[in-house]
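In what follows, a structure is listed as structure tokens, so that the remarks can point back to it.
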Amino acid sequence: MRRVVAIDGPAGAGKSTIARTLAEKLGLTYIDTGAMYRAVALRALRDGVTLDDSAALERIAVDAGIEFGAGRRTLFDGEDVSEAIRTPEVASGASKVAAVGPVRVALVAKQRAMADTVGVVMEGRDIGTVVFPDATVKIFLDADPFERAKRRAAETPGVSVEELARQIAERDARDSGRAESPLVQAPDAVRVDTTGLSIDEVVAKILEIAVRKEL
Ligand code: DC
């Protein structure tokens, strides 16, 4: 395992923007594990696989060729699915397939392999608890629920803040309440509340934490 910066937290806490900026500043590879669960959900929805068919979902996850291109591009078996995985339907589906144990086992194996050869900033829900319990730096990003809904609204044209707040609350409850690798803060993770902070302020805080941890 190379250098791993683990960024976990609920939807809309600012994980993606922060993790991407950190990766750039630290010269590490950015990995969005949520995109992997979304890609599995997209394939299941397209293929008419029901989201509780554990065996079929496991097959999709095991066979999935998921790669990350420049910027925030996600490739699934060579197809650029970056936009297709961002719909509310896929977000909700991802949260369902993420509760299926064999799907998690398959995707966690891929995530670990990604850090074999390069240092990474990896964002998700279970990076500091399950994927890399020995991560160099662990951050748990959180923010006020209304602020999280407002941030998602800026990325999701045509959906109201109230509707997004409802969807986020539903997803949070499923992500935190599931039996398999629920969303929890690792005991040794540092919690950073991003409410009211700019991206630069959050990044500066985390860089300070990283420097202290790595000394
Ligand atoms: O971060 P996101 O919204 O793209 O994640 C999509 C879903 O995948 C979310 O409901 C939680 C789940 N997920 C997970 O269970 N474990 C991860 N490491 C990343 C995401």
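Start at 1 and go down the list; that is how both ligands and their atoms are numbered. Just so we're clear, the structure is a prediction, and the values are computed from it rather than from any experiment. Numbering of residues begins at 1 and proceeds along the displayed sequence.
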Classify the contact between Arg38 and ligand 1 as side chain, backbone, both or neither, using a heavy-atom distance cut-off of under 4.0 Å.
-> side chain
Contact between Met36 and ligand 1, counting heavy atoms under 4.0 Å?
-> no
Identity and distance of the protein heavy atom lying nearest atom 20 (C) of ligand 1 | Gly34 CA, 3.6 Å
Just heavy atoms, cut-off under 4.0 Å: does Ala11 contact ligand 1 by side chain, backbone, both, or neither?
-> neither
Less than 4.5 Å apart, any side-chain heavy atom of Arg38 and any of Arg86?
-> yes
Is the closest basic N to carboxylate O distance between Arg73 and Glu83 below 4.0 Å?
-> yes
Ignoring hydrogens, just give me the one of Gln111, Arg86, Arg104, Arg171 whose non-hydrogen atom is nearest atom 3 (O) of ligand 1.
-> Arg171
Under 3.5 Å between some N or O of ligand 1 and some N or O of Asp126?
-> yes
Are the charged groups of Lys205 and Glu201 less than 4.0 angstrom apart, N to O?
-> no
Polar proximity ligand 1 side, Tyr37 side, N/O cut 3.5 Å exclusive | no
Pair Arg166 + Glu163: basic N to acidic O under 4.0 Å = yes
Say whether Arg178 and ligand 1 are in contact under the criterion: heavy-atom distance to a ligand atom below 4.0 Å.
-> yes
Do any nitrogen or oxygen atoms of Lys15 lie less than 3.5 angstrom from nitrogen or oxygen atoms of ligand 1?
-> no
Is any side-chain heavy atom of Ile60 less than 4.5 Å from a side-chain heavy atom of Val49?
-> yes
Ligand-side contact atoms (ligand 1) for residue partner Ala94, heavy atom cut-off under 4.0 Å | 6 (C), 7 (C)
Going by the atom numbers of ligand 1, which of them fall below 4.0 Å from some non-hydrogen atom of Ser95?
-> 10 (O)
Report yes if the side chains of Val108 and Asp126 come closer than 4.5 Å at any heavy-atom pair, otherwise no.
-> yes
In this structure, atom 12 (C) of ligand 1 is nearest to the protein heavy atom Ala98 CB, 3.7 Å
Nearest non-hydrogen protein atom to atom 11 (C) of ligand 1, with distance, is Asp175 OD2, 3.3 Å
Trace of the side chain to side chain donor-acceptor pair (under 3.5 Å) decision for Ser198 with Asp200 | CA-CA 5 Å; Ser198 70; Asp200 286 350; 5.4 Å; no
Check whether any side-chain heavy atom of Leu183 lies under 4.5 Å from a side-chain heavy atom of Phe140, and answer yes or no.
-> yes
Pick one: which of Asp8, Thr129, Asp188 meets side-chain hydrogen bond (donor to acceptor under 3.5 Å, both in side chains) with Lys138?
-> Asp188
Return yes or no for this condition: an N or O of Thr33 is under 3.5 Å from an N or O of ligand 1.
-> yes
From CA spacing to verdict: side-chain contact (heavy atoms from CB on, under 4.5 Å), Val192, Ile18 = CA-CA 11 Å; Val192 175; Ile18 300 299; over 6 Å; no
Distance from atom 13 (N) of ligand 1 to nearest protein heavy atom, with residue and atom = Arg125 CG, 3.7 Å
